[in-house]
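The structure appears right after this line, and notes come after that.
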Amino acid sequence: MTTLPKPNAPSAAATTQVKRSATTARPQTNEERRRAQRVLLRMPVLLHLPGKANPINGFTHTVSATGAMVILPEGLPTGTKVSIENPKTQKKVEAHVVRPPQMNPEGSLVPLEFTSPSPQFWNIFFPPTTN
């Protein structure tokens, strides 16, 4: 028998603290909780969907070693598996949609996560972390 957490119990992520000094601590920021650093980068991408003959043209909003936020003409449902192509290098990597898309004036912001980290996919150097 497994027990379920109490509905109002704080999650492990919510209780993580960052030490400010010997006597004070503060909660981690979203940036500190991220697995990979995000970089603003606008570049064209092609999304290939299984069973579709033509790719979807889009462009990146932000990129990281583990995925990207892409802007597409239409949203994709959470869990959709895609192959994202960097047309400049013609490299492809497998990914999936991790959350529902959000609308913005340019189209749908679709968050993608690579099946496995691929820091060289974007053909850029990520700035060093300051942790």
Side-chain angles (χ1 to χ4, degrees):
M1 176 181 209
T2 58
T3 58
L4 298 174
K6 294 179 183 174
N8 293 332
S11 69
T15 59
T16 304
Q17 300 284 307
V18 175
K19 217 172 184 184
R20 282 188 174 169
S21 69
T23 57
T24 62
R26 64 169 171 73
Q28 278 187 326
T29 64
N30 286 340
E31 192 64 32
E32 291 166 335
R33 278 193 297 271
R34 295 198 198 295
R35 288 176 290 141
Q37 186 177 18
R38 292 181 180 175
V39 175
L40 286 169
L41 176 68
R42 187 176 177 105
M43 65 178 280
V45 292
L46 296 171
L47 261 63
H48 302 272
L49 282 83
K52 300 277 185 176
N54 297 322
I56 300 172
N57 289 297
F59 51 93
T60 60
H61 178 271
T62 54
V63 300
S64 75
T66 59
M69 180 71 74
V70 297
I71 300 173
L72 301 174
E74 65 213 37
L76 296 172
T78 301
T80 302
K81 294 186 185 309
V82 300
S83 177
I84 185 167
E85 180 180 350
N86 179 339
K88 189 174 185 178
T89 63
Q90 296 183 331
K91 290 183 186 176
K92 289 183 185 178
V93 68
E94 300 300 314
H96 65 278
V97 178
V98 293
R99 288 186 312 280
Q102 296 177 343
M103 290 304 294
N104 98 354
E106 297 177 287
S108 291
L109 288 170
V110 179
L112 299 174
E113 180 179 43
F114 297 152
T115 303
S116 60
S118 301
Q120 287 80 33
F121 177 74
W122 301 113
N123 206 27
I124 64 169
F125 291 101
F126 288 93
T129 57
T130 57
N131 295 348

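We number each residue from 1, following the sequence as shown. As a basis for the values below, the full set of heavy atoms in this structure was taken, side chains included, without hydrogen atoms, waters or symmetry mates.
Hydrophobic clustering keeps Val97 apart from Phe59 (ILVMFWY residues linked when any side-chain heavy atoms are closer than 4.5 Å, directly or through intermediates). In the hydrophobic clustering of ILVMFWY residues, with side-chain heavy atoms under 4.5 Å counting as a link, Val45 and Val98 come out apart. Under the 4.5 Å side-chain heavy-atom criterion for ILVMFWY residues, a single connected hydrophobic cluster contains both Ile84 and Leu49.
Considering only heavy atoms from C-beta on, Glu94 stays 4.5 Å or farther from His48 through its side chain. Between Val39 and Thr62, the closest side-chain pair of non-hydrogen atoms is not below 4.5 Å. Proximity of Thr60 to Trp122: side-chain heavy atoms (C-beta onward) are separated by under 4.5 Å at one or more points. Between Met69 and Leu112, every side-chain heavy-atom pair lies at or beyond the 4.5 Å cut-off. Within the 4.5 Å cutoff, no side-chain heavy atoms of Leu72 are placed close to those of Asn57.
The neighbour count for Gln102 CD, taken as heavy atoms of other residues, nucleotides or ligands under 6.0 Å away, does not exceed 12. In Lys88, the NZ atom is not crowded: 12 or fewer heavy atoms of neighbouring residues, nucleotides or ligands sit closer than 6.0 Å.
Side-chain atoms of Asn86 come within 3.5 Å of backbone N or O of Phe121 as a donor-acceptor pair. Judged by distance alone, with hydrogens and angles left aside, the side-chain atoms of Ser108 form a donor-acceptor pair with the main-chain N or O of Gly75 at under 3.5 Å. Side chain of Ser118 to backbone of Ser116: a donor-acceptor contact under 3.5 angstrom is found.
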Working note: Glu106 + Arg42, criterion salt bridge (Lys or Arg N to Asp or Glu O under 4.0 Å); need CA distance, chi angles, decisive distance, verdict. CA-CA 12 Å; Glu106 297 177 287; Arg42 187 176 177 105; 2.9 Å; yes
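Across all non-hydrogen atoms, the minimal contact from Arg99 to Thr78 is C-OG1, 3.2 Å. Lys91 and Gln120 make their closest contact through NZ-O, 3.8 Å (heavy atoms, listed as atom of the first residue, atom of the second, distance).
His96 NE2 to Thr115 OG1: the interatomic distance, rounded to the nearest 0.5 Å, is 7.0 Å. The CG atom of Leu109 lies 5.0 Å from the CD1 atom of Ile71; values are rounded to the nearest 0.5 Å.
The only option from Leu47, Val70, Ile56, Leu46 that meets the side chain to side chain contact (heavy atoms under 4.5 Å, CB included) definition with Val82 turns out to be Leu47.
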